Amino acid sequence: MPTLEEVKAYLKIDYDDDDALLRALIRAADEYIRGAVGEYDVKSEQAKLIALQYIKEQYINREYSAKAAPNVSRMFRSVILQLQTERGTKE
């Protein structure tokens, strides 16, 4: 999972006002990935990429609905499928 500092760098945020929200989004990204693939290597660069993109989409669209499902792009589906496949080969 990305750190708060990595998320802020990815989103180009240089203030601390939204740190609590960003921490919540980091946890939500972890839950999203676990829901999609089960247990996974949290140090995986693919998982970090999915988490960063999930956080970005939720952060940018936060005013529309806090409970809205993320817009799962083709990139999301592709990387999630890779993580699922990777997990399946390790079992």
Side-chain angles (χ1 to χ4, degrees):
M1 275 295 95
T3 64
L4 177 62
E5 292 73 26
E6 289 171 323
V7 169
K8 289 173 79 169
Y10 187 75
L11 297 175
K12 297 179 174 70
I13 296 173
D14 61 0
Y15 50 88
D16 299 330
D17 298 353
D18 290 339
D19 284 6
L21 172 61
L22 294 173
R23 283 188 191 96
L25 290 175
I26 292 168
R27 289 188 303 273
D30 180 55
E31 289 176 13
Y32 174 83
I33 295 169
R34 286 182 195 283
V37 303
E39 292 301 314
Y40 68 97
D41 179 2
V42 295
K43 295 178 183 177
S44 163
E45 290 300 317
Q46 287 181 321
K48 186 182 285 190
L49 173 64
I50 279 293
L52 288 169
Q53 190 60 31
Y54 175 95
I55 292 163
K56 177 182 176 184
E57 288 189 21
Q58 293 300 308
Y59 183 78
I60 290 171
N61 296 307
R62 67 191 176 279
E63 67 275 359
Y64 295 112
S65 172
K67 295 183 180 182
N71 178 15
V72 181
S73 69
R74 181 175 290 172
M75 186 272 302
F76 261 61
R77 289 189 301 268
S78 175
V79 176
I80 288 292
L81 180 59
Q82 289 176 16
L83 289 171
Q84 289 170 334
T85 303
E86 179 181 298
R87 181 176 174 265
T89 59
K90 290 182 180 179
E91 293 182 322

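All values below come from the heavy atoms of this structure, side chains included, with hydrogens, waters and symmetry mates left out. It should be emphasised that the depicted structure is a prediction, and the values quoted were computed from it without experimental measurement.
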Note, [X] side chain near [Y] side chain (heavy atom, < 4.5 Å):
X: Arg34; Y: Val42; result: yes
X: Leu11; Y: Ile55; result: yes
X: Val7; Y: Leu25; result: no
X: Tyr59; Y: Ile13; result: yes

#### Entry: Pair Tyr40, Gln46: side-chain N/O donor-acceptor within cut-off below 3.5 Å
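Note: Tyr40 and Gln46 side chains miss the donor-acceptor criterion.
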### Task
Say whether Tyr54 and Asp30, considering side chains only, have a donor N or O and an acceptor N or O under 3.5 Å apart.
no
### Message
Quick check: closest heavy atoms across Ala47 and Met1, and the distance to 0.1 Å?
### Response
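So the two residues come closest at O-CE, 4.2 Å.
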Between [atom1] of [X] and [atom2] of [Y], what distance do you get to the nearest 0.5 Å?
X: Lys43; Y: Lys48; atom1: NZ; atom2: NZ; result: 10.5 Å
X: Ile26; Y: Glu31; atom1: CD1; atom2: CD; result: 12.5 Å
X: Ile33; Y: Asp41; atom1: CD1; atom2: CG; result: 11.0 Å

### Query
Take atom NZ in Lys8; do more than 12 heavy atoms of anything else shown fall under 6.0 Å from it?
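Atom NZ in Lys8 is packed in, count exceeds 12.
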